Amino acid sequence: MTALPVPPATAASTQGPILRDIHLPADPSWWPPAPGWWLLAALLLLALLATGWLWRRNRRAIHRRQRVLAELEQLADRHRRDGDHAALASGLHQLLRRVARRHDVSAAQQHGEVWRQTLARMPVDASTLNQLLTLEQAMYQSRSTFDAIAALTAVRQWLSFALKPSAWKATATVNQDA
């Protein structure tokens with residue numbers, strides 16, 4: 001029998017195992033996101049909530065303004081139908097008090113100079129302010145020299161400023177020691 005010749009050892013087998021190609025690790029998972037994305041999502045949610053709150057607040061203010069102006073038009077229509085100056089003056093005066101009370105709680109009890117100061121917190125001219133002050137006397141008189149058109153115009157002008165919250169001036173502090 002003859003022995004088979006043994007192949008000579010190759011150089012690769014003497015240096016170690018045969019290596020395969022390099023494999024890259026798996027791509028990172030999209031979940032959970034990195035902390036920066038969580039912060040961005042929280043800021044976006046906060047911005048959406050703030051926008052929704054501001055939009056709702058603005059819609060309420062617009063709705064309130066429309067209700068007050070609709071009531072003013074109802075008073076004007078009723079005066080055109082029945083011509084009752086006292087009822088018109090009373091309705092306008094009550095409307096002014098209700099709108100002023102939203103900005104100054106004590107407006108419902110004010111009379112005289114304090115009421116004038118409350119009305120003067122709106123940037124209206126002196127003739128408009130005087131016309132508004134005549135409502136208090138006109139509502140107790142059956143027939144007077146009450147100018148209904150001028151009163152409605154003055155109330156509309158005052159309400160155009162009063163129904164904007166940013167238009168109200170801060171109340172001046174009165175020195176009560178004097």
Side-chain angles (χ1 to χ4, degrees), residues 39-178:
L39 181 63
L40 183 64
L43 289 175
L44 182 63
L45 180 64
L46 186 64
L48 285 173
L49 289 173
T51 302
W53 179 75
L54 289 172
W55 179 80
R56 186 173 176 181
R57 184 176 140 199
N58 187 33
R59 294 299 307 161
R60 282 182 182 170
I62 290 171
H63 182 67
R64 188 179 316 117
R65 188 176 309 128
Q66 288 172 343
R67 275 193 333 235
V68 168
L69 294 177
E71 185 177 345
L72 179 64
E73 291 308 314
Q74 287 174 352
L75 288 170
D77 290 342
R78 189 172 19 177
H79 179 262
R80 270 182 245 144
R81 281 193 310 271
D82 62 15
D84 189 1
H85 291 307
L88 177 65
S90 176
L92 292 176
H93 186 70
Q94 289 174 9
L95 186 62
L96 288 175
R97 293 273 183 179
R98 281 200 319 266
V99 172
R101 193 178 61 212
R102 293 192 57 80
H103 301 282
D104 186 0
V105 179
S106 64
Q109 292 88 21
Q110 294 175 348
H111 297 285
E113 186 59 31
V114 180
W115 175 237
R116 181 183 182 83
Q117 289 173 355
T118 299
L119 291 175
R121 289 171 60 191
M122 291 297 106
V124 293
D125 57 1
S127 64
T128 301
L129 195 58
N130 289 334
Q131 188 65 41
L132 295 174
L133 291 172
T134 60
L135 293 174
E136 197 166 12
Q137 291 85 27
M139 66 184 180
Y140 296 114
Q141 299 171 357
S142 60
R143 281 287 171 193
S144 64
T145 59
F146 178 69
D147 187 3
I149 296 173
L152 285 167
T153 304
V155 170
R156 276 192 188 99
Q157 184 180 5
W158 190 86
L159 286 175
S160 70
F161 292 112
L163 293 174
K164 298 175 189 172
S166 61
W168 281 85
K169 299 177 190 172
T171 56
T173 56
V174 179
N175 188 358
Q176 299 198 4
D177 295 334

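The shown structure was predicted, so the numbers you read here are calculated from the model rather than taken from an experiment. For the numbers below, each heavy atom of this structure counts, side chains included, while hydrogens, waters and symmetry mates do not.
For the atom pair CZ (Arg80) and CG (Asp77), the distance works out to 4.5 Å, reported to the nearest 0.5 Å. The structure places OG1 of Thr51 at 9.0 Å from CG of Leu46, a figure rounded to the nearest 0.5 Å. Within the model, atoms NE2 of His103 and CZ of Arg121 stand 8.0 Å from one another, a figure rounded to the nearest 0.5 Å. Between atom CG of residue Leu40 and atom CG of residue Leu45 there is a gap of 11.5 Å, rounded to the nearest 0.5 Å. Taken from CG in Leu135 to CG in Leu133, the straight-line distance is 8.0 Å, to the nearest 0.5 Å.
The heavy-atom pair separating Gln131 from Ala150 by the smallest distance is CG-O, 3.6 Å. Minimum interatomic distance between Leu92 and Leu75 (heavy atoms only, all atoms of both residues): N-CD1, 3.9 Å. Taking all atoms of both residues into account, the shortest heavy-atom contact from Ala151 to Phe146 is CB-CZ, 3.5 Å.
Counting non-hydrogen atoms of neighbouring residues, nucleotides and ligands closer than 6.0 angstrom, the CZ atom of Arg102 reaches no more than 12 such neighbours.
Under the 3.5 Å distance criterion, the side-chain polar atoms of Asn130 are matched with a main-chain donor or acceptor of Ala126. Under the 3.5 Å distance criterion, the side-chain polar atoms of Thr153 are matched with a main-chain donor or acceptor of Ile149. Trp158 places a side-chain N or O within 3.5 Å of a backbone atom of Leu119 that can act as its donor or acceptor partner.
Using cut-offs of 30° and 60° for the angle between ring planes, the His85 and His79 rings count as tilted.
Within the structure, the ring-ring contact (aromatic ring centres under 6.0 Å, His included) test picks out the following pairs touching residues 111-142 (sequence neighbours left out): His93-Trp115. Residue pairs satisfying the salt bridge (Lys or Arg N to Asp or Glu O under 4.0 Å) criterion with at least one member in residues 133-142, sequence neighbours excluded, are listed as follows: Arg97-Glu136.
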Practice task
Please report the C-alpha distance between Arg156 and Glu73 in whole Å, then the side-chain angles of each, then the deciding distance to 0.1 Å, and finally whether the side chain to side chain contact (heavy atoms under 4.5 Å, CB included) criterion is met.
Solution key: CA-CA 10 Å; Arg156 276 192 188 99; Glu73 291 308 314; 2.7 Å; yes
Problem - Steps toward side chain to side chain contact (heavy atoms under 4.5 Å, CB included) verdict (Val68, Arg65) - result: CA-CA 5 Å; Val68 168; Arg65 188 176 309 128; 6.0 Å; no
Exercise for the section: Could you walk me through whether Arg60 and Arg64 pass the side chain to side chain contact (heavy atoms under 4.5 Å, CB included) test, one step at a time? Expected result: CA-CA 6 Å; Arg60 282 182 182 170; Arg64 188 179 316 117; 4.3 Å; yes
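Applying the side-chain contact (heavy atoms from CB on, under 4.5 Å) test between Gln157 and each of Leu129, Thr128, Leu152 identifies Thr128 as the sole match.
Among residues two or more places apart in sequence or in another chain, the salt bridge (Lys or Arg N to Asp or Glu O under 4.0 Å) test is passed with Arg98 by Glu71.
The closest side-chain heavy-atom distance from Ile62 to Asn58 is below 4.5 Å.
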